[in-house]
Every structure is written in C-alpha cells, then in structure tokens.
Amino acid sequence: MEMDFLEPSSDQWSLMESFVSGSRKLLLKKLSRNDASWANEGGGHQYGFYVPRAVRESDFFPELHAREDIPHILEAGCPSFWPQTGEVRSDSGIKYYSNKGSECHFTRIPAELFAGLNPASWLLGGTLEQPEGDAHHWFMVIDSASTEAEMLESRLDIQANFHFDLFDPSKFKRASAIESDDAAELIGEIDAAIRAGTVEMLVAKYSKLPDPLVLADEARLDFLRSVRSKTFNPWDIKKPGDALMRVSRDIEFSIYRRHELRMRAVEVARVLAQHDRSASAAVRGFASLNSIFLSASQQRKSRAGKSFESHLAAMLKAGGVRYEAQAILGQRRPDFVLPDQATVALDTQRRYEDAAILSAKTTLRERWKQITHERFNCAIFLATVDDRVSKEALADLQKAEITLVVPESLKMKTNESLYYHDTNVISFRDFFDEELARKRPSLLLAG
C-alpha cells in the first residue's frame, strides 16, 4: 500500500500514471543544466538531453548505426510521443559522437518543455506496449519545484545521490516504505482488528510516531555502522556534507516512512471499516481521509527541516564547534550563532572573524529570506541539502552577502545543480576546513 500525501496541481500525475502503466520499461533522469539550457538559448532541433552511457548501451533505445559519410557519428531514428504537448516527434532520435568520449544526445524534441526549468528537474519516459502513431517511446518533463516532482520522488523513494535509472513499471506501483514481510504482517494486523472489532486499539498502538530526536539518533547510528565509524565528527568524515544529506534525506526518512505507513494505514483502515461499501467509504469518508493525508503531508515537511537541523547540530558538537542554538538576534532567531549570542550581538571589540551565523534549510524556496538581514559584523552562512536553487536565488544570496553551504557532491561539476561555478557557494568540507579551522579557529574548542 503506497501512500502519497500530496495532490497534483493539474492532471499531469494522472497522465504520467497512464503512460507508466502502458510501458514495458521506464527511464528516469535528473536533468542537468546542459540538458535544458539549450531551450532557453534558442537552441535548434539538434539540441536535446544527454543520454548516459549505461542507457545508450542498454536496449531502451534502438540500436545505433554509423553514418556512411561520417563513420564516427552513430545514430538511430526514434520517434517519440510527448503527452504534455500531445505531439509525436517522428524525426527525433539518438545521436552518438564516438570521437567525443561519451557524448550522446536525444535530439529533435519540444524545446518548450525544457525552457525555464528549475535545477534538478526530471525526465520520465518509457517504451510503449502500444505505439502512439509511429512512436514507441514517450517522455514527460517534470519541474523540480512542482507537486508532481515531490510525488514522483516519494513514490520511487529517490535517494539523494540519484542521477538516472532504468526500471520496471511495477516499481512505480508498489510500496517501498516497508519490506514485503513487514507489509504482510501489517495487513494481517489490520484484517484481524477489523474482524474482531478492535480497530481503535490498533489505532492507539500506532498513534504516535517516535520522537524526532530518537529517529535522528537511530539514523546517525545506522550511518556510522555503514561507514564503520564511531563519531559524526566532520574532521573524521571525508565529505561531511554528503554524510549530512545521506543521513537526513535518505536514512532517517526511510526509518520515518516505515513508522508513518503503519500509523496512516491504520487510520485509513478505521475510516474504511466504518462503511460496508467501497463507494460509501469513498464518498462519506472523504473528509476524514483528506484530513489524514493533509496531516501526513504537513508532518513530513515539518520533520524534514527539524531532521537536517538536528544532524547539523550533532556534527557541530562532535567537531568541537562552539555554538548556541536558536539564540535571539534582533528580530530573528537563526539556527546557530557561533560561538554564542553574547559574542555576536554584544561584543563590540571583537574582530569580524571572531563570530559567525549559520542557518539551516532543507530546501530554500523563498524561506532563506527569513534569515536576518541585520548585520552583526560577522559572516552569514546558509547550509542546505537542496540541489534546486535557481540562478536568481543564488544571485540574491550573493547580493545579501549570505554564503551558501552545500554537500560536496552538489558542488561537483558533474552534478545537476548550478553550484559548481558559483564562488558564493562552498562545500561543507570547505566550510569546516577554510571558514572555521583556518579563518576562525577561535570558534573551535581547544584540542
């Protein structure tokens, strides 16, 4: 039983599901800047999205053949259907330049679908069981800021380090929150409770999710066991930002979803058990069901922010970084002030490097503007695991003199984010080594 607690803003999700169900194999790809920037720059029909080597060498696309006139160019026609525009591109195809390493693109595609996308948006496509015209492949583009993107990531349990994958449509349909044995056990519990009339007792059993701090501790322990380490100290972790992202976005969320599914599935079962017909449950129980899903969605978003902040605090503490959490500065309450509120706000004799402000946001959107714009003669850092910050937001951050701190993998040239060339964006590794250890050693505990 898969539970998606978000409502799509249009009929795109239904459109997506209908094509997924009619496919033999699916391709999901996180779009890089080069996959879409051509559409904003007036690119012609030869432009398109990059095809990874593993996909090119699979049987997803037709077999490539060398051109007789230019043998180093291998290509194959591949008519494609684009449900969002309703058009068949009969002249689309795959083109591989064998003299340029792995350069391979799918070209002659609708530019309007790729124009104006937010960073790290999605391309979802598949091979059709029944062709649309002469097209045996279909593709949809999902903006990363859309509700459909959130639903897609939730449905497929997308991990932080995901870039692309080929998979069976059945994966799109089945629940991944708990293992099949656990799912069977939960189904048996619910069936038994309905037969015995003890659903309320089952609801009470799963009515509370574990305390956020308990979930956070469990997630960090799982991570430390996986890397065979005993400490969350950033000086002992090669890529501390990637560790934070993995723990908060992947490990803890996976643990949370297992508990969430039990809680929400039992709540839904209680509503359905009050009606003797499915139609009656759907109509008369709609308000109750909607309330359950709305509550779940809100709880997920609240948990995500607290999770990242909790793990960052644990890393600062393990690394001997002097800080005070949630200290009041003027009209704001940043997540961390280094070393403490008194030094930042009251010490008029200190140097610029003797203090710093660090805020944490799982995703930015517009919420980074909640960070204080009052100046306290110190640097302001904004830590995030969000790979979707737009170039406009990056420019606004630089103008506001706020340095963005991101996981190491998001700062790499090959990542789908826009961070690599931005000098105002630094990795967590640079934050700890350069901004703290070298420039602000007074913010670290001795020894």
Side-chain angles (χ1 to χ4, degrees), residues 9 28-44 47-50 52 84 105 109-124 140-150 152-153 158 160-164 241-242 244-245 249 304-305 308 357-373 379-431 434-435:
S9 55
L28 180 65
K29 182 181 189 296
K30 186 181 288 188
L31 296 171
S32 69
R33 180 182 182 277
N34 290 338
D35 284 323
S37 60
W38 58 271
N40 299 317
E41 298 165 358
Y47 293 82
F49 62 84
Y50 173 75
Q84 289 157 301
H105 292 84
I109 58 181
E112 62 269 28
L113 293 180
F114 292 82
L117 289 175
N118 281 286
S121 289
W122 297 101
L123 175 79
L124 177 65
M140 290 183 67
V141 179
I142 303 104
D143 193 283
S144 60
S146 68
T147 301
E148 287 80 9
E150 290 187 62
L152 181 69
E153 292 157 16
I158 299 296
N161 62 351
F162 182 94
H163 297 289
F164 69 89
D242 284 355
L244 282 168
M245 182 165 64
R249 282 184 53 174
F308 179 50
I357 294 172
L358 175 63
S359 285
K361 301 287 183 187
T362 307
T363 59
L364 263 63
R365 303 293 192 264
E366 294 296 313
R367 292 181 297 164
W368 69 267
K369 296 180 180 178
Q370 298 171 3
I371 299 173
T372 178
H373 285 272
I380 299 178
F381 298 95
L382 172 56
T384 188
V385 292
D386 190 354
D387 59 356
R388 303 166 179 183
V389 183
S390 68
K391 62 180 180 180
E392 292 80 12
L394 291 174
D396 288 343
L397 284 165
Q398 187 160 27
K399 185 177 180 180
E401 299 181 3
I402 298 173
T403 301
L404 193 65
V405 185
V406 303
E408 292 74 24
S409 62
L410 300 192
K411 182 65 176 172
M412 293 174 64
K413 185 176 182 179
T414 54
N415 190 263
E416 295 85 359
S417 70
L418 303 181
Y419 303 147
Y420 179 72
H421 293 290
D422 196 316
T423 57
N424 193 52
V425 180
I426 65 174
S427 69
F428 276 91
R429 180 74 280 153
D430 287 337
F431 173 73
E434 181 71 11
E435 299 299 332

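These numbers come from a predicted model, not from an experiment. Side-chain atoms are counted along with the backbone in the values below, which use heavy atoms only and exclude waters and symmetry mates.
- When the salt bridge (charged side-chain N to carboxylate O under 4.0 Å, His left out) test is applied to Asp35, the partners found at least two apart in sequence or on another chain are Lys29.
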Given side-chain contact (heavy atoms from CB on, under 4.5 Å), test Asn424 with Leu397 step by step and report yes or no. CA-CA 8 Å; Asn424 193 52; Leu397 284 165; 4.2 Å; yes
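- For Glu401, the salt bridge (charged side-chain N to carboxylate O under 4.0 Å, His left out) criterion is met by Arg375, not counting sequence neighbours.
- Under the salt bridge (charged side-chain N to carboxylate O under 4.0 Å, His left out) criterion, Asp143 pairs with no residue at all, not counting sequence neighbours.
- A search for side chain to side chain contact (heavy atoms under 4.5 Å, CB included) contacts involving Asn161 returns Gln159, not counting sequence neighbours.
- Contact record, Thr384 with Phe428: O-CE1, 4.0 Å, taken as the closest heavy-atom pair.
- Taking Ala36 as the reference, Phe114, Leu117 meet the side chain to side chain contact (heavy atoms under 4.5 Å, CB included) condition, with sequence neighbours excluded.
- Residues passing the side-chain hydrogen bond (donor to acceptor under 3.5 Å, both in side chains) test with Arg429 are Asp433, sequence neighbours excluded.
- Between Asp422 and Gln398, the shortest heavy-atom distance links the atoms OD1-OE1, 4.5 Å.
- The side-chain hydrogen bond (donor to acceptor under 3.5 Å, both in side chains) test with Glu416 singles out one residue from Lys30, Arg33, His163, and that residue is His163.
- Here the CG atom belonging to Asp396 is positioned 11.0 Å from the CG atom belonging to Leu364, to the nearest 0.5 angstrom.
- Among residues two or more places apart in sequence or in another chain, the side chain to side chain contact (heavy atoms under 4.5 Å, CB included) test is passed with Asp242 by Lys239, Met245, Pro407, Glu408, Ser409.
- Scored by the side-chain hydrogen bond (donor to acceptor under 3.5 Å, both in side chains) test, Tyr50 finds Ser102 as partners (sequence neighbours excluded).
- Phe431 pairs by the ring pair (Phe, Tyr, Trp, His ring centres under 6.0 Å) definition with Phe381, not counting sequence neighbours.
- Not counting sequence neighbours, the partners of Ser417 by the side-chain hydrogen bond (donor to acceptor under 3.5 Å, both in side chains) test are Asn415.
- A pairwise comparison of heavy atoms in Leu418 and Val389 identifies CD1-O, 3.9 Å as the closest pair.
- Here Glu153 pairs with Trp122, Arg388 under the side-chain hydrogen bond (donor to acceptor under 3.5 Å, both in side chains) rule; sequence neighbours left out.
- For the atom pair Leu123 CG and Ile109 CD1, the distance stands at 7.5 Å (nearest 0.5 Å).
- Closest approach of Ser144 and Pro119 over heavy atoms only: OG-O, 2.8 Å.
- When all heavy atoms of Asp386 and Thr363 are compared, the closest pair comes out as OD2-CA, 3.4 Å.
- Contacts of Lys411 classified as salt bridge (charged side-chain N to carboxylate O under 4.0 Å, His left out), with partners at least two apart in sequence or in another chain: none.
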